[in-house]
Student: 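The structure that follows is given in the form of structure tokens.
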Amino acid sequence: MEEQNFKQQFQEMAQNLPKGIFHRLPLKKLQGVPVMNIIADHFENIATFQARPDDLLVATYPKAGTTWVQEIVDMIDKEGDAEKCQRAPTFVRFPFIDIWPPPPLIPGVVDAEKMPSPRILKTHFPFHLVPKSFWEQNCKVIYVARNAKDNAVSYYHFDVMNQTQPEPGTWEEYLIKFMEGNVGWGSWYDHVKRYWEKKDQHRILYLFYEDMKENPEQEIRKVMEFMEKDLPDHVISKIVQQTSFSAMKENPMANYTTVPKVFLDHSLSSFMRKGEVGDWKNHFTVAQNEVFEEDYKKKMAGTSLRFRTEI
Ligand code: PPS
């Protein structure tokens, strides 16, 4: 289906939704983690999702590079055939299993159930909320982590444009909420640490946004090996090009522009905003940085996990 058809189809669906049903949903605690109320209220249905052994789960804290890795995985799976990867927008190609929206929208797990194998699925759940069947089935998981400062900046801009997320407030207010873990899907610190601790007990490939930026080919090769694929050099070069920020920003099937304005308002900020390492320097004041660093040391004490905030 063409871009315009998707746009039209989603637009019609959005127009038929009861007004405001999806607007700035409040967060609700789920096993200690703040999540959108529509997740907490339906978690029983999500937690019992049946994973299949050949599922590949892309797991991330929001705004860590999910869409980027999804595109890489799809391009590897389709052996560099960009046309096949443009069959549908990101959120149709890869069901987002966390969300249980009100009808007529379809929950991610319901979409996934109908999908033939092998499936590529998305989650932002912290490790302990991922449906147990993924671990029982020994599924492969690709986890992407991004340094906390850039992650917070990206999440702030996203919450400005994402009309389903709580109002972010000012950057100053938002940064405090981020440090307290009082944002959707909870604490960045707990999220990245827990997957890091668990990565050797499960089939988890732990990637860093900063490494992907610095050396995309090297990281794409890691993903390819993890997927047990062997592609020739010219195909890998094509994947590097096709999954670059500039290519994905222009790709309507990867840049979320097919999503109606009632959900994502691109006039406030783009989904494909900057795609850089170190943009935090344009947002953090010196004082904010000092407080952040002090708090970071405490929250990250005792882990061997290290991030780069510049490359
Ligand atoms: S989401 O909503 O959680 O799925 O968002 P997610 O895809 O995890 O994160 C969006 C941020 O990733 C950037 N991005 C990229 N950076 C570099 N290269 C590529 N190809 C790429 N694709 C997406 C996107 O621009 C968001 O980051 P910011 O810093 O806001 O620009």
Student: From S187 OG over to Y61 OH, what is the distance, rounded to the nearest 0.5 angstrom?
Tutor: 7.0 Å

Student: On the six-membered ring of W196, is K199 placed so that its NZ or CZ lies under 6.0 angstrom from the centre and within 45° of the ring axis?
Tutor: yes

Student: Spell out, as yes or no, whether a donor-acceptor pair under 3.5 Å connects the side chain of Y206 to the backbone of V192.
Tutor: yes

Student: Would you give the length of the straight line joining atom NZ of K122 to atom CG of L56, rounded to the nearest 0.5 angstrom?
Tutor: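 K122 atom NZ to L56 atom CG measures 14.5 Å (nearest 0.5 Å).
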
Student: Look only at the side chain of D98 and the backbone of F125, and say whether a donor-acceptor pair between them is shorter than 3.5 Å.
Tutor: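 Indeed, once roles are kept as given, a pair shorter than 3.5 Å links the two residues.
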
Student: So V69 and E219, do their side chains get closer than 4.5 Å, heavy atoms only?
Tutor: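 SC-SC contact between E219 and V69 ruled out.
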
Student: Any salt bridge linking R93 with E71? Criterion: basic side-chain nitrogen under 4.0 Å from a carboxylate oxygen.
Tutor: yes

Student: Look only at the side chain of R87 and the backbone of K84, and say whether a donor-acceptor pair between them is shorter than 3.5 Å.
Tutor: yes

Student: Are side-chain heavy atoms of V144 and M212 found at a separation under 4.5 Å?
Tutor: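 Yes, their side chains come closer than 4.5 Å.
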
Student: Between E79 and K238, does any NZ, NE, NH1 or NH2 come within less than 4.0 Å of an OD or OE carboxylate oxygen?
Tutor: no

Student: Would you call E217-R221 a salt bridge at under 4.0 Å N-O?
Tutor: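 The answer is yes: the pair qualifies as a salt bridge.
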
Student: For F208, is the NZ or CZ atom of K213 found under 6.0 angstrom from the centre of its six-membered ring and inside 45 degrees of the ring axis?
Tutor: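 No cation-pi geometry.
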
Student: Between H283 and Y174, is the ring centroid distance below 6.0 Å?
Tutor: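 For H283 and Y174, the ring centres are not under 6.0 Å apart.
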
Student: Check whether Y155 reaches the backbone of G184 with its side chain - one donor and one acceptor, N or O, closer than 3.5 Å.
Tutor: yes

Student: Has K29 got more than 12 heavy atoms of other residues, nucleotides or ligands less than 6.0 Å from its NZ?
Tutor: no

Student: Checking N151 side chain against P62 main chain: does a donor-acceptor pair fall under 3.5 Å?
Tutor: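 Between the backbone of P62 and the side chain of N151 there is a qualifying donor-acceptor contact (under 3.5 Å).
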
Student: I'd like to know whether CD of E44 has more than 12 heavy-atom contacts from other residues, nucleotides or ligands below 6.0 angstrom.
Tutor: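 Open: at most 12 neighbouring heavy atoms sit under 6.0 Å from CD of E44.
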
Student: Look only at the side chain of T243 and the backbone of I239, and say whether a donor-acceptor pair between them is shorter than 3.5 Å.
Tutor: yes

